[in-house]
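A, B, ... follow the sequence lines: proteins, then strands. Residue 1 opens every chain. Not measured: the values here are computed from a predicted model.
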Amino acid sequence: MYVLSEIKEKFVAEVERGLEELGAEPRGLERLVAKPPRPEMGDLGISLFKYAKELGLKPHELAGRLAERLKIEGVKEVKVIGGYINIVIDINAVARRILEEALAEGYGSWSFSGRVVVEHTSANPIHPLHVGHARNMFLGDSLARILRNYGHEVQTRFYINDMGRQVAILVYGLLKMGRLLPPEGEKPDHWYGKVYSVSNTLVELASAVRRGDEEAKKEWEEVLKELEGKWPEVVRALKDKITPETDHEKEISNLMKRYEEGDEEVKKAFRTVTENVLRGFRETMRRVGVEVDKWDWESDLVWSGDVSKIIELAKRKGLLKVKEGALVMEFDEVSDELRRLLRIPKGLEIPPLVLVRSDGTTLYTTRDIAYTLKKFEEFKADKVINVIASEQRLPQIQLRLALWYLGFKEYAQNLIHYAYEMVSIPGMKMSGRRGRMVTLDWLLDEAERRVRELVEGRSEAEEPERVIKAVAAGSIKYAMVSVSAQKPITFRWEDVLNFERNSAPYLQYTHARAKGILRKGGEPDLNKASFEKAEKYKHLLIMIAEFPEVAKRAAEGLEPERIAVYLNQLADSFNEFYHREPVAKEEDEGLRHLKLAIVKAIANVLRRGLWLLGIEAPERM
RNA sequence: GCCCCCGUAGCUCAGCCAGGAAGAGCGCGGGCCUUCGGAGCCCGUGGCCGCGGGUUCAAAUCCCGCCGGGGGCGCCA
């Protein structure tokens, strides 16, 4: 247990006991603990208005009575202000413990047991990773780290969605082109992305012509022109192969059917292509230091029979209806109670879920049911977190309902859709289908270029290139992870590449600066430190002591942005301190060791906190 | 049309879940380059917390309605 948490717990327990003795029923008192608005009012306070009313006492009077016998180790004063009871921490007495804790390697970690699967990124293997995937990936990676730090066993998984229509369109185009592999020297996912959007556009165009839909025809002709301007050779290679003479939609459906049935030739084509796209994904992920523990093929779930077992079970339970040749599950009357359990909005109408198409093939959500079981069962997970865009809220709800009705009630309740909003770019409508996207690779190149420019000639790092990569990746990660997931992000270069405060580079710089002081001033020795002089650095010490609680709350609420906000405040306070006080040059030995210990503790917290966000903290920059 | 999310300083956002004296960054104006790393520091500027009701001793925070922005309502994912 960390000092500050301990003091807080005792404070709550004592006040609780006092209230009980007076006849009140203090439930959830710890929620009323707050930091007073001004430091001179104390370090922690509890508001008592609620209980004053319950007991028929004046708030101030109640606070006074409770304060009288409040005795907590590490607390030097109890203040009664209005209806609050506030405590003043005796920082001289607890500074040593704060610093001992903060200098330890695993500072901020907890040991709350639990097993969690985090599925993230899971991009369609048809084009390179773009800014939207980046948000998904960085959120997922950070959540995994935050939960591990909380004490949970975490497994991260990437779902390879190789059975969707989009992969089929890509493979179809490639087969028409007569080549499955990318040209030498071109990053595979980028090349496939071009082929995909050109194929998709030609297919859409052909269909529009066949339907006689003039409007759509015009629209897709424009897209084609745009693509021709960007990638003439790809358009040239496909233009005469995908024309309105053929019903391509049907051929693509046929291709999907053959893949689902496990046709060897088709299987080989799909697998080769997908593997190669994934090769590109892995390269990008290596660049940003994100790893996943397991890669799961959607197709394996079909071939292994897991998906048909689900359908059989649904049939046996009488959950399926035949509707125009398709098998569907309906959710007409979902009780309020079930909605509450599965976190489904009250007024939401839930359309039927098609599990099997009329041609006998299955759909994404069908396979996702099988996949969810696999995730829970293989890892014996208590919880599964799916990091998936909020636009997929409805299918995720249908998934939970399907699980519930199939009898997997625990899983349905413990399946969490961690929804995040879109990343938009001003003046640009992103669309993979139309080949319009800002890729993560490009973003990283650009960020690295800018960092290199900035660092040029003034870096103190031994390996400037490594630092450039860490800072570039960090700045993008920070932009994605420091905004709460439920807010849309408008991606602007001037914000992401602003390396001033409130950015990863600022935190990294502050960390490197602290390390620089330690190189000059030497290692702190707590046995030589004058803790009786800690009062002056109380603000910093308390902030250091708050880190574990911040990490805990971030884990409990799945809120990486809390870490970002906290680290920023810590860095601000440290920089103020740095300009005010000499550390390495401090002549008073005891004081120097105290300050060095504070600096080292801050460096440690910054490093650990950045790690929770998936951001590296170089020693020098 | 129905449903979900968001709306806090000129801009980008914390704070809202668990009600208890409005916060950062950017921008803008002014200062700090002989002292441990200027990606920094100091001073100043800036808000009927979208609007209207309600609950409460107390509302940015909870409830209802409206307005504005985004997303969803496919045998796509």
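Considering only side-chain N and O atoms, A/Lys520 lies under 4.0 angstrom from the phosphate OP1 or OP2 of B/G37. The phosphate of B/A77 has neither OP1 nor OP2 within less than 4.0 Å of any side-chain N or O from A/Tyr364. Close to B/A77, at under 4.0 Å from its OP1 or OP2, lies no side-chain N or O of A/Tyr159. Dashed line: the shortest gap from a side-chain N or O of A/Gln392 to OP1 or OP2 of B/A77 is not under 4.0 Å. Of the side-chain N and O atoms in A/Arg165, none sit less than 4.0 angstrom from OP1 or OP2 of B/G74. The side chain of A/Tyr506 contributes an N or O atom lying less than 4.0 Å from OP1 or OP2 of B/C41.
The pair A/Glu462-A/Arg620 meets the salt-bridge criterion, with a side-chain N (NZ, NE, NH1 or NH2) lying under 4.0 Å from an Asp/Glu carboxylate O. Using a 4.0 Å cut-off between a side-chain N of Lys or Arg and a carboxylate O of Asp or Glu, A/Glu619 and A/Arg607 do not qualify as a salt bridge. Using a 4.0 Å cut-off between charged side-chain N and carboxylate O, A/Glu561 and A/Lys487 make no salt bridge. Here A/Glu523 pairs with A/Lys600 in a salt bridge; the nearest charged N to carboxylate O distance falls below 4.0 Å.
Looking at heavy-atom distances under 4.0 Å, A/Val356 makes no contact with the nucleic acid at all. Residue-level contact check: A/Glu324 touches the bases, meaning some heavy atom is under 4.0 Å from a base atom. Nucleic acid contact for A/Asn161: sugar-phosphate only, since backbone atoms but no base atoms lie under 4.0 Å from a heavy atom of the residue. Among the protein residues, A/Gly347 comes within range of the sugar-phosphate backbone only, with heavy atoms under 4.0 Å from sugar or phosphate atoms but none that close to a base. Among the heavy atoms of the strands lying under 4.0 Å from A/Met41 is at least one base atom, whether or not backbone atoms are also near. Among the atoms of the strands shown, base atoms are found under 4.0 Å from some heavy atom of A/Pro395. Across all strands, A/Ile350 comes closer than 4.0 Å to no nucleic acid atom at all (heavy-atom distances).
Between A/Leu394 atom CG and B/C2 atom C1' there is a gap of 12 Å when expressed in whole angstrom units. When the P atom of B/G40 is taken as reference, atom NE2 of A/His579 falls 9 Å away, rounded to whole Å. Counting to the nearest Å, the C1' atom of B/G37 and the CG atom of A/Leu518 are 13 Å from each other. Atoms CD (A/Glu421) and P (B/G70) sit 12 Å apart, rounded to a whole Å.
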With B for base contact, S for sugar-phosphate-only contact and - for none (protein heavy atoms under 4.0 Å), nucleotides 57-63 of chain B reads B------
Reading nucleotides 11-17 of chain B from 5' to 3' and marking B where a protein heavy atom lies under 4.0 Å of the base, S where only the sugar-phosphate is that close, and - otherwise, the string is -SSS-SB
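Between the side chain of A/Ser358 and the base of B/C75 there is at least one donor-acceptor pair of N/O atoms closer than 3.5 Å.
Checking B/C5, B/G72, B/G37 against the side-chain heavy atoms of A/Arg620 singles out B/G37 as nearest. You'll find that the side chain of A/Ala584 is closest to B/C36, out of B/C36, B/C75, B/G38. Comparing atom distances between the A/Ala512 side chain and each of B/C5, B/G37, B/G25 picks out B/G37 as nearest. Of the candidate nucleotides B/C76, B/G38, B/C26, B/C76 has the atom nearest to the side chain of A/Leu363. Listed nucleotides: B/C26, B/C75, B/C5. Nearest to the side chain of A/Arg393: B/C5.
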Residues 53-64 of chain A, side-chain donor-acceptor partners within the protein, below 3.5 Å, at least two apart:
unit_1, atom_1, unit_2, atom_2, d
A/Glu54, OE2, A/Glu25, N, 3.0
A/His60, ND1, A/Gly82, O, 3.2

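Side-chain contact annotation: A/Thr362 with A/Glu260, donor-acceptor N/O pair under 3.5 Å present.
Along RNA chain B, the nucleotide nearest A/Leu32 and the nucleotide nearest A/Asn575 are compared for position; the residue whose nucleotide lies closer to the 5' end is A/Leu32. Between A/Glu586 and A/Arg31, the residue anchored closer to the 5' end of RNA chain B is A/Arg31, taking for each the nucleotide with the nearest heavy atom.
Every pair passing ring-ring contact (aromatic ring centres under 6.0 Å, His included) that includes a residue from residues 550-581 of chain A is listed here, sequence neighbours excluded: A/Tyr537-A/Phe577, A/Phe547-A/Tyr566. Pairs passing the ring-ring contact (aromatic ring centres under 6.0 Å, His included) check and including a residue from residues 498-518 of chain A, sequence neighbours excluded, do not occur. For residues 31-58 of chain A, the set of pairs meeting the ring-ring contact (aromatic ring centres under 6.0 Å, His included) definition, not counting sequence neighbours, comprises A/Phe49-A/Tyr84.
Under the Watson-Crick or G-U wobble criterion, with both distances below 3.5 Å, B/G23 is paired with B/C13. Across all strands shown, the partner of B/G65 is B/C51, judged by Watson-Crick or G-U wobble contacts whose two distances both fall under 3.5 Å.
Classified by interplanar angle (parallel below 30°, tilted 30° to 60°, perpendicular above 60°), the ring pair A/His127/A/Tyr196 is perpendicular. The aromatic rings of A/Tyr259 and A/Phe270 lie parallel to each other, their planes meeting at an angle below 30°, with 60° marking the opposite boundary.
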